[in-house]
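In what follows, a single structure is set out as structure tokens and then discussed.
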Amino acid sequence: MPINKITAAEGAAMIQDGDNIALSGFTPNGCPKAVFRELSQRAVREHEAGRPFAVGIFTGASTCQSIEGDMAKAQAIKFRAPFSTNADFRQHTNLGEIDYEDTHLGHMAERLRRGFYGTMQWAILEVSAYEMVNGRCRIYLTSAGGIATTVSRLAKRVILEHNTYHNPNVRYLHDTYEPTECGRGRGPIPVLTPYGRVGNNYIDIDPGKIVGVVECCIPEEARSFKAVDDYTFKMGQYVAEFLANDLRQGRIPPHFLPIQSGVGATGNAVMAALGSNPHIPQFNVYSEVVQDAAIRLMLDGKIGFASATAMTVTNECLQEIYADMDFFSQHLTIRQSEIANSPEVIRRLGVIALNTALECDIYGNENSSHVCGSRLMNGIGGSCDYERNGYISIFTTPSVAKGGTISSIVPMCTHVDSTEHDVDVIVTEQGVADLRGKGPRRRAEEIINNCAHPDYKPLLREYLRIADKGHEPQSLTACFAMHDTLRKKGDMRLTDFGEYLK
């Protein structure tokens, strides 16, 4: 059965108001871009003509400006899950225009299979190649896995974006394993090593539901991250020294354990610090993403093998990978997100989890998604999948922000993503708080003494003094005083807890 060639505009024209669209990709990498560039423009025209037009968007993780950014500006997103990092999406969500469910990335494919989000009218998948084999269409993904295996099966109709920017040999990195149905003899996920592959390097699709192929050549809309600064450098060094000490003390086995690291400058700084620490042996990565720093360490031999859901790298680095596929096909595996983020596999492999926080409170609760409790910043992504199940669960954050007017160490988090029960270690540029084996009061002392900025240590100690006594001392009238002072006066350092105890 031949597959029709269509234009991106023709693909966008088929989508109706209210449709649910599921996409390939994970982070901006591997996402289809051509159809959505037309779809956001179509939404503007529909609205100008007085007609409603908004769709549901379901992905493996965050996407790119051409998808959630431009669609948010066009007021064309009725619902979104599970994660976003886009500034335009954030703005319109905080205005109350978008119904956004911030959920664990490892749960997304299963929730779709269970029908929690209704029918998926469309799957739009970016592919590096496709072919007909025994009457079926075999597709090969590009720079990410995400939820493509699941949504290609669930969607009623499929559009393929054949993006020739990607090398067809990228197929040799992919592992498209999907678990069987719950309650029907689902066995263990057979991933026994960070590099083990247990599925195919392609996805098999019924060609009857593929409405067309869009030919394009579009680079990744790769995000740029801040350069490593004094804060991120120090945090990276502290993490590496902490893990090296745990290795010496026998708390980490001598062969070391796989590392998971979140996206961003801190993740790159931590990887660089681990790679340069002479006391840490060659290690493996089992993570959601590999960034440029991890790729460099693979080439240098410091990282042996890496498993991820996406190559969240610059376009220059991506092309370097494609130019050396003989090497990377033996050292890098790209998985579907429910496997990369599987609690079962994370615990089996003993993954050391490293993620970033917006704020942490003095008892170890962590907020990575909302500013002052209300305003969305990003989302939890896959951090909780790893932190809840990690061998050691570490959060990093600069001790202060906005020139020192905001402390990231506070009496109580205004929003909690990872609870104190799932956080082992907090690291700022000030130092390391090891919370393992400590009750609430000792955790508070550890965090204040080692992680809080000197400007805020007296305030936090004062809060601990005036808090109502109990297993975990809190003052319900003063626990958000620092946040309230920031709102009123623009500087947490001006907090007077006495005003909140009257």
*How many angstroms lie between CG in D484 and OG1 in T414, if you round to the nearest 0.5 Å?*
12.0 Å
_Closest contact, heavy atoms only, S342 versus I189_ = OG-CD1, 3.5 Å
*Stepwise side chain to side chain contact (heavy atoms under 4.5 Å, CB included) check, I280 with F256*: CA-CA 8 Å; I280 293 179; F256 211 63; 3.9 Å; yes
*Spatial distance of atom CD1 (I394) from atom OG1 (T356) [nearest 0.5 Å]*: 13.0 Å
*asked:* Counting neighbours of CZ on F283 that are heavy atoms of other residues, nucleotides or ligands and sit closer than 6.0 Å, is the number greater than 12?
replied: yes
_Pairwise distance CG(L349) to CD(E344) - rounded to 0.5 angstrom_ = 9.5 Å
*asked:* Assess the residue pair L274 and I259 against the criterion (side chain to side chain contact (heavy atoms under 4.5 Å, CB included)); give the C-alpha distance rounded to whole Å, side-chain angles, the decisive distance to 0.1 Å, and a yes or no.
replied: CA-CA 10 Å; L274 291 171; I259 295 291; 4.1 Å; yes
_salt bridge (Lys or Arg N to Asp or Glu O under 4.0 Å) between R436 and D246, worked out_ = CA-CA 12 Å; R436 297 172 297 181; D246 256 26; 2.8 Å; yes
_Just so I know, are the side chains of V427 and F395 near enough to count as touching, which here means a heavy-atom distance under 4.5 Å?_
no
*Any idea which heavy atoms bring A467 and S475 closest together, and the distance?*
CB-N, 4.0 Å
*asked:* Taking side chain to side chain donor-acceptor pair (under 3.5 Å) as the criterion, tell me which of Q91, E68, Q65 meets it with N86.
replied: Q65
*Do other residues, nucleotides or ligands put more than 12 heavy atoms under 6.0 Å from R248 CZ?*
yes
*From I346 CD1 over to N389 CG, what is the distance, rounded to the nearest 0.5 angstrom?*
5.5 Å
*Return yes if a side-chain donor-acceptor contact under 3.5 Å exists between S84 and R90, otherwise no.*
no
*Which residue, T63, T59, T309, T312, forms the side chain to side chain donor-acceptor pair (under 3.5 Å) with T27?*
T312
*Hey, are D417 and H415 close enough side-chain-wise for a donor-acceptor pair under 3.5 Å?*
yes
*asked:* Quick one, R113 with E338, criterion salt bridge (Lys or Arg N to Asp or Glu O under 4.0 Å). Give me CA distance, side-chain angles, the key distance, then yes/no.
replied: CA-CA 12 Å; R113 285 194 293 268; E338 72 175 314; 2.8 Å; yes
_Could you check whether Y463 and Q474, counting side-chain N and O atoms only, form a donor-acceptor pair closer than 3.5 Å?_
yes
*Steps toward salt bridge (Lys or Arg N to Asp or Glu O under 4.0 Å) verdict (R197, D175)*: CA-CA 6 Å; R197 298 183 188 180; D175 185 41; over 6 Å; no
*Where does the angle between the aromatic ring planes of Y100 and F89 fall among parallel (under 30°), tilted (30 to 60°) and perpendicular (over 60°)?*
perpendicular
*asked:* How about CG on D300, more than 12 heavy atoms from neighbouring residues, nucleotides or ligands closer than 6.0 Å, or not?
replied: yes
*Is K489 salt-bridged to D491, cutoff N-O under 4.0 Å?*
no
*After noting the C-alpha distance and the side-chain angles of Y386 and Y286, does the key distance pass the side chain to side chain contact (heavy atoms under 4.5 Å, CB included) rule?*
CA-CA 10 Å; Y386 282 91; Y286 193 88; 4.0 Å; yes
*Is D229 paired with K234 through a side-chain N to carboxylate O contact shorter than 4.0 Å?*
no
*Verify the distance criterion only: is there a donor paired with an acceptor across the side chains of Y117 and E101 at less than 3.5 Å?*
yes
*Which atom pair, heavy atoms only, marks the closest approach of L192 to R348?*
CD2-CD, 3.9 Å
_Please find the pair of heavy atoms, one from P281 and one from P254, that lie closest to each other, and give the distance._
CG-O, 4.0 Å
*Check: S399/T428 side-chain N/O donor and acceptor closer than 3.5 Å*: no
*Aromatic plane relationship, F305 with H331 - under 30° parallel, 30 to 60° tilted, over 60° perpendicular*: parallel
_Apply side chain to side chain contact (heavy atoms under 4.5 Å, CB included) to residues E288 and L105 and explain how you reach the verdict._
CA-CA 9 Å; E288 298 172 296; L105 304 187; 3.3 Å; yes
*Should R388 and D422 count as an ion pair when the cut-off is N to O under 4.0 Å?*
yes
_Side-chain (S24) to main-chain (G30) donor-acceptor, under 3.5 angstrom_ = yes
*Between S66 and E221, is any side-chain donor less than 3.5 angstrom from a side-chain acceptor?*
yes
*Residues, nucleotides or ligands: over 12 heavy atoms within 6.0 Å of F233 CZ*: no
*Side chain to side chain, I362 and I448, heavy atoms closer than 4.5 Å*: yes
*What class does the angle between the rings of H453 and Y456 fall in, given that below 30° is parallel, 30 to 60° is tilted and above 60° is perpendicular?*
perpendicular
*Compute whether any side-chain donor of one residue and acceptor of the other, for H166 and E126, lie under 3.5 angstrom apart.*
yes
*Regarding E366 and N355, is there a side-chain donor-to-acceptor distance under 3.5 Å anywhere?*
no
*Residue K469 excluded, over 12 heavy atoms near NZ under 6.0 Å*: yes
*asked:* Would you compute the distance between atom CG of N365 and atom SG of C360 and round it to the nearest 0.5 angstrom?
replied: 9.0 Å
*Verify whether the ring centers belonging to F328 and Y322 lie closer than 6.0 Å.*
no
*Is the closest side-chain heavy-atom distance between L332 and Y195 below 4.5 Å?*
no
_For D434, is there any backbone N or O sitting under 3.5 Å from a side-chain donor or acceptor partner on K438?_
yes
*Non-hydrogen atoms of A72 and I98 that approach each other most closely*: CB-CD1, 4.0 Å
*Consider only side-chain N and O atoms of E445 and N449, and report whether a donor and an acceptor are under 3.5 Å apart.*
no
*Do we see a donor-acceptor contact under 3.5 Å between the side chains of S143 and E220?*
yes
*Does a side chain donor of either T176 or R335 reach within less than 3.5 Å of an acceptor in the other side chain?*
no
*In terms of side-chain geometry, is the basic nitrogen of E462 or K457 positioned less than 4.0 Å from the acidic oxygen of its partner?*
no
*Hey, does the side chain of S329 reach the backbone of L173 with a donor-acceptor pair shorter than 3.5 angstrom?*
no
*Will you find, in the side chains of Q430 and N450, an N or O donor that is under 3.5 Å from an N or O acceptor?*
no
*asked:* If only side-chain N and O atoms count, and only distance matters, is there a donor-acceptor pair under 3.5 Å linking T85 with N378?
replied: no
_Any donor-acceptor N or O pair under 3.5 Å, side chains T149, E178_ = no
*Side-chain donor-acceptor pair under 3.5 Å between E359 and S368, yes or no?*
no
_Distance-minimising heavy-atom pair for T397 and L358_ = OG1-O, 3.8 Å
*Hey, could you give me the CG/OG1 distance between D99 and T93, rounded to the nearest 0.5 Å?*
9.5 Å
*asked:* With salt bridge (charged side-chain N to carboxylate O under 4.0 Å, His left out) as the test, pick out the partner of E472 among R442, R443, R441.
replied: R443
